[in-house]
Structures are given as structure tokens and as C-alpha cells.
Amino acid sequence: EVQLVESGGGLVQAGGSLRLSCAASGFTFDGYAIGWFRQAPGKEREGVSCISRSDGSTYYADSVKGRFTISSDNAKNTVYLQMNSLKPEDTAVYYCAAVFRLVPGFLPTDDYDYDYWGQGTQVTVSS
């Protein structure tokens, strides 16, 4: 059974940093992608960043470019989201998700592309 477990959320002041982790287990495939998504109260879920385990390609939403960095420790099947220069508008529940049906050269960035989801971790940025 595929399991994704997020950790690392918390309360931080504006300008601060957090590192989220997504530990994946229950599968042996090498070709998959992990995406980070977030949902703020009253808003739709949005894609934040994604990484392909197959070719290392990455995606960042415009709102986080230059501030967030996604990385992967393949030996640990863990993906990290380093979040710097946090803003109050980054406040949301952050979810990681996985998809195994990768099309060569295409990195899924929409939530409907992803099949497995973690339980989410709260990130709150105070002003």
C-alpha cells in the first residue's frame, strides 16, 4: 500500500523558513513524481512544486519561484520542500502527492494528475 507522510509544518514569522518532508513507502517503482500542493481556507487547492524521480525535472508555481526549493533523497524515498522568505499568504495545509504513470518528458503539475495523497501538514506564517 502506497503511503505518503508529510512532516515539518508549523508556525513561523514572515521572512522565516520551514522544510517540509514527504516520506513515501509501499512501492518499488523508480519512475514517479512527487508534487506539493496547498490549500488555504476558502480557497482551491493549488500546485506549489513537483519533482520527477525519473529525470529530476522540477516545477514551481510563480508564487513560490525563488523562495521554495524541492529536492529528493532517492535512497530515503523522501522529497523535501525548503521554504524560505515565507509570507502570510503561504499559510495553508500542504499536501504531498504521488503519481506513477509518467509520460516521458512530461511532469504532472495538476492535482488531478496525482493518485496518492498524504494527510497534510499545516503551515502558518504570521505577519
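Here, residue 1 is the first one in the sequence, and each next residue gets the next number. Note that these values count all heavy atoms, side chains included, but never hydrogens, waters or copies made by symmetry.
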Side chain to side chain contact (heavy atoms under 4.5 Å, CB included) between Tyr95 and Thr121, worked out = CA-CA 7 Å; Tyr95 301 89; Thr121 185; over 6 Å; no
Side chain to side chain contact (heavy atoms under 4.5 Å, CB included) between Gln39 and Glu46, intermediate numbers included = CA-CA 6 Å; Gln39 188 165 23; Glu46 63 171 342; over 6 Å; no
Please test Thr78 against Asp73 for side chain to side chain donor-acceptor pair (under 3.5 Å), starting from the C-alpha separation and ending with a verdict.
-> CA-CA 5 Å; Thr78 299; Asp73 184 334; over 6 Å; no
Begin with the C-alpha distance, continue with both residues' side-chain angles, and end with the deciding distance and a verdict on side chain to side chain contact (heavy atoms under 4.5 Å, CB included) for Ile34 and Tyr114.
-> CA-CA 8 Å; Ile34 294 288; Tyr114 287 77; 5.7 Å; no
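With Val123 as the fixed residue, the side-chain contact (heavy atoms from CB on, under 4.5 Å) test singles out one of Leu20, Thr91, Val93: Leu20.
Among residues two or more places apart in sequence or in another chain, the side-chain contact (heavy atoms from CB on, under 4.5 Å) test is passed with Glu89 by Lys87.
Looking at heavy atoms from C-beta onward, Trp117 lies in side-chain contact with Phe37 at the 4.5 angstrom threshold. Two residues are said to be in side-chain contact when any heavy atoms from C-beta on lie closer than 4.5 Å; Cys22 and Trp36 meet this criterion. Contact of the Tyr94 side chain with the Met83 side chain is registered, since non-hydrogen atoms from C-beta on lie closer than 4.5 Å. Between Gln13 and Val125 the shortest side-chain heavy-atom distance does not fall below 4.5 Å. When side chains are defined from C-beta on, Val64 counts as touching Arg38, because their heavy atoms get closer than 4.5 Å.
The nearest pair of heavy atoms linking Cys50 to Leu107 is O-CD2, 3.9 Å. Shown here for Gln82 and Ser17, the closest heavy-atom pair between the two residues is NE2-CB, 3.9 Å.
Note: Tyr32 and Phe100 have tilted aromatic rings, judged against thresholds of 30 and 60 degrees for the angle between ring planes.
Arg19 and Tyr80 form no side-chain donor-acceptor contact under 3.5 Å, judged by distance and modelled atom types alone.
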